[in-house]
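Report on the following structure.
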Amino acid sequence: IRGVEHRNDLNTVWESAQQHLLHPHAWVRLAAAQLFGCLFAAWTPDELVTTETDHDRTPKKKKRKVEEEKAVEYLRDNSMQKLRDLSADFCTQLQSPYLDHELARQVVKNLVFLAKVIRRVAPDTAQSGDVTAESGDV
């Protein structure tokens with residue numbers, strides 16, 4: 001999943017998997033959710049939100065980091081919109097009559113990962129939401 005050599009093929013797989021998240025058959029939804037679980041397990045939230053401006057890297061490490069960033073192109077391409085779309089699709093799965101225990105568990109794992117990434121991508125939004133909730137101004 002992290003390999004650069006199959007990036008284009010895998011990006012096609014992820015796009016197809018996202019389209020199948022809301023498929024009418026429960027087993028297809030589960031398979032799509034599990035594929036995203038594999039994708040999310042291959043990366044930490046911090047790795048997905050790091051920038052190329054890390055000055056502590058040596059040139060050799062920087063080159064490897066750039067190659068790895070190409071491998072996550074699917075998640076980074078229009079990333080905030082993609083994070084919103086995936087989150088909405090997974091939330092929709094939780095409301096589905098096709099939901100079973102196994103699918104629910106996988107969807108919750110995926111949503112937790114997405115929430116961690118979103119929190120790191122937009123920390124100001126997460127912090128301001130916490131302050132608003134604490135002060136009672138809703």
Side-chain angles (χ1 to χ4, degrees):
I1 291 177
R2 290 183 73 131
V4 178
E5 62 275 0
H6 301 292
R7 174 184 41 124
N8 291 334
D9 294 331
L10 286 173
N11 286 342
T12 303
V13 169
W14 305 131
E15 289 169 9
S16 180
Q18 185 173 0
Q19 293 172 358
H20 286 86
L21 286 173
L22 301 179
H23 192 276
H25 296 289
W27 68 270
V28 175
R29 288 179 178 221
L30 176 61
Q34 288 173 332
L35 282 171
F36 274 103
C38 291
L39 175 63
F40 297 157
W43 301 96
T44 65
D46 290 327
E47 288 174 324
L48 291 176
V49 298
T50 56
T51 63
E52 292 182 24
T53 59
D54 189 353
H55 299 290
D56 297 331
R57 289 196 175 87
T58 62
K60 184 178 180 181
K61 288 183 181 178
K62 188 175 247 183
K63 181 180 178 187
R64 187 180 69 205
K65 183 66 179 174
V66 169
E67 289 175 0
E68 286 180 357
E69 287 175 357
K70 290 178 183 176
V72 289
E73 184 177 332
Y74 174 78
L75 288 175
R76 289 198 177 166
D77 181 36
N78 198 7
S79 63
M80 277 310 290
Q81 186 60 47
K82 190 157 290 168
L83 293 172
R84 282 187 203 109
D85 292 345
L86 286 170
S87 298
D89 289 344
F90 288 126
C91 286
T92 300
Q93 282 188 335
L94 289 176
Q95 300 169 353
S96 169
Y98 304 112
L99 186 69
D100 63 6
H101 182 69
E102 189 176 10
L103 178 57
R105 184 178 28 207
Q106 184 64 55
V107 167
V108 169
K109 288 178 188 179
N110 292 348
L111 283 170
V112 167
F113 180 84
L114 289 171
K116 289 177 181 179
V117 173
I118 291 169
R119 183 167 184 197
R120 285 166 176 79
V121 169
D124 297 333
T125 306
Q127 289 176 355
S128 66
D130 293 342
V131 171
T132 304
E134 290 175 7
S135 66
D137 298 335
V138 184

Within the structure provided, determine whether [X] and [Y] are in side-chain contact (heavy-atom separation under 4.5 Å).
{"X": "Val13", "Y": "Tyr74", "answer": "no"}
{"X": "Val107", "Y": "Leu111", "answer": "yes"}
{"X": "Gln106", "Y": "Phe36", "answer": "no"}
{"X": "Leu86", "Y": "Phe90", "answer": "yes"}

Distance in Å, [X] [atom1] paired with [Y] [atom2], rounded so as to fall on 0.5 Å steps:
{"X": "Lys82", "Y": "Leu75", "atom1": "NZ", "atom2": "CG", "answer": "7.0 Å"}
{"X": "Leu48", "Y": "Lys116", "atom1": "CG", "atom2": "NZ", "answer": "12.0 Å"}
{"X": "Gln34", "Y": "Leu103", "atom1": "CD", "atom2": "CG", "answer": "8.5 Å"}

Of all pairs that satisfy side-chain hydrogen bond (donor to acceptor under 3.5 Å, both in side chains), the ones with a partner from residues 87-103, not counting sequence neighbours: Arg29-Ser96
Could you pull out every donor-acceptor pair under 3.5 Å between side chains of residues 20-27 and any protein atom, sequence neighbours left out?
unit_1	atom_1	unit_2	atom_2	d
His20	ND1	Ser16	O	2.6
His23	ND1	His25	N	3.1

For a quick test of reading the model, state the closest non-hydrogen atom pair linking Ala32 to Ala17 and the distance between them. CB-O, 3.4 Å
Please report the closest heavy-atom contact between Asn110 and Ala33, naming both atoms and the distance. ND2-O, 3.0 Å
Test of understanding: clusters of I, L, V, M, F, W, Y form through side-chain heavy atoms closer than 4.5 Å, transitively. Do [X] and [Y] belong to the same one?
{"X": "Phe40", "Y": "Met80", "result": "yes"}
{"X": "Val117", "Y": "Trp43", "result": "yes"}
{"X": "Leu83", "Y": "Leu39", "result": "yes"}

The criterion is salt bridge (charged side-chain N to carboxylate O under 4.0 Å, His left out); which residues satisfy it with Arg105, sequence neighbours excluded? none
Verify whether one side chain among Gln81 and Asp85 offers a donor that lies under 3.5 Å from an acceptor in the other. yes
